[in-house]
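Please read these numbers as outputs of a predicted model, since none were measured by experiment.
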Amino acid sequence: MSKDNNINDTEAATAVPEGQKDSLSSFVATLASFSGDLSSLTCPSFLLSSVSLLEYSQYWGDHPKLFASISKGENPEERLLNATRWFISTLYGSYSSRSTTAGMEKKPYNPVLGEQYFAQWTGDAETGDTVLKAEQVSHHPPIMGFHLENKKAGVILEGHCGQKSRFAMPAGIDVSQTGHAILTVPQFNEHYLITLPNLNIRGMVTGRPSVELSGTTYIVSSAGQMTTIEYSTKGYFSGERHSFKATLKPIEGGSAFYTAQGVWSGISNYTNVKTNATSLFFDSDTDKSVAPELKPLAEMGDLESHKLWSQVTNAINSKDYSTASRVKAQIEEAQRALAKARKEKGETQADALKVFELVSEDNDETGKAFQLLKGKLVAAVGIKALKEDDTKPHWRLRE
């Protein structure tokens, strides 16, 4: 069962703090009349989450054992199955966990250019450690770069993600996620291209937003297989919200060798098509996410997310929304001043980065893998399968 289907109308009616209802009404009215990408709008502080969007990169590592298990598949089909299971395991944390714990989805802070986030999951002798490095590599448009690696298991994930949002009738927001991830398993010289789902945010009028996934995403393996994942917002596949259906088959056609379906925020099962045997795929209730290990706040750099936004976070957690808005505005104004100074010096956004660097696809091994897998994906399902920023930039972790 999905974890967040139990929000009732009474809870929704009490979601907006006293004194903030006019602010919500004004914000919804602005949404309805605004044309273009909504990322430039200022959100009321009571609708802000007390974390930066850059910190959402940690959800790639929510299940470090599943991430490490990708390389343990005995053949390309098993490794694709393991990669698909790990990917499904990341969805609950990324898109549903806050609705479960806080009763609603809230808007994270817009990361500033060059903002950084570092995390680690210390594993056992078999699993090994998993390390995450992330940086906001572009502010206009907003894009984060991320790199997740488990050296012992021999699994690497790198990529970038941006968002383009628009108002959706009657009172919601649709978010198209641009970018992609490339999963690499060096032991088998395999690469996997992972595309990102669309988000449908509903419940803005009640002040209790929640997220649904829609559309189709893909995991394309350089070994010649592909997973197609279809998301349903109305429970078409399982009768519940947050349902999905995955089909694993050769990319150039042929019969499926595995299928999986269920609820991405709850329980799902998979079937070995050859043997017709069905088993548990993933259960977010029993396979809990593992919290990342972070440095103490005092040891963080000024651009690390927790330290950069600490005063805003403290104010929000204390329900001091006026202070949160004031401090947040100060941070944003300081960034505008830095952007103006860069422009006057003839510098680009890439000059502000410390963790990642802007690279050419043609001169980068992962970039070459992306081009190859992109070609396979487009040939199989069409150009709309992949959403990239218009300029199609790429970033890689600095060596």
Q136 side chain to N110 side chain, donor-acceptor N/O pair below 3.5 angstrom
no
Can you tell me if K274 has over 12 outside heavy atoms packed within less than 6.0 Å of its NZ?
no
By the definition side chain to side chain donor-acceptor pair (under 3.5 Å), identify the one residue from T259, N269, N272, T271 that meets it with T278.
T271
When you measure from the side chain of S57 to the backbone N and O of L54, does any donor-acceptor pair fall under 3.5 Å?
yes
Look at atom CD of Q311 and say whether more than 12 heavy atoms of other residues, nucleotides or ligands are closer to it than 6.0 Å.
no
Could you check whether R85 makes a cation-pi contact with Y270, meaning its NZ or CZ is under 6.0 Å from the centre of the six-membered ring and within 45° of the ring axis?
yes
If we only count heavy atoms from C-beta on, is the W309 to V112 side-chain gap below 4.5 Å?
yes
Cluster link F87 to L386, ILVMFWY, side chain under 4.5 Å
no
Treating E212 as the side-chain partner and N200 as the backbone partner, does any N or O pair qualify as donor plus acceptor under 3.5 Å?
no
Are the ring centres of H160 and F146 closer than 6.0 Å?
no
For the residue pair F356 and R398, establish whether any side-chain heavy-atom pair is separated by less than 4.5 Å.
no
Just jot down the salt bridge (Lys or Arg N to Asp or Glu O under 4.0 Å) partners of D364, sequence neighbours excluded, or say none.
R396
Any side-chain heavy atom of L157 sitting closer than 4.5 Å to one from W60?
yes
Classify the ring geometry of Y95 against W264: parallel below 30°, tilted from 30° to 60°, perpendicular beyond 60°.
perpendicular
Are any of the side-chain heavy atoms of T217 and L196 separated by less than 4.5 Å?
no
Taking the six-membered ring for Trp, are Y92 and H242 closer than 6.0 Å centroid to centroid?
no
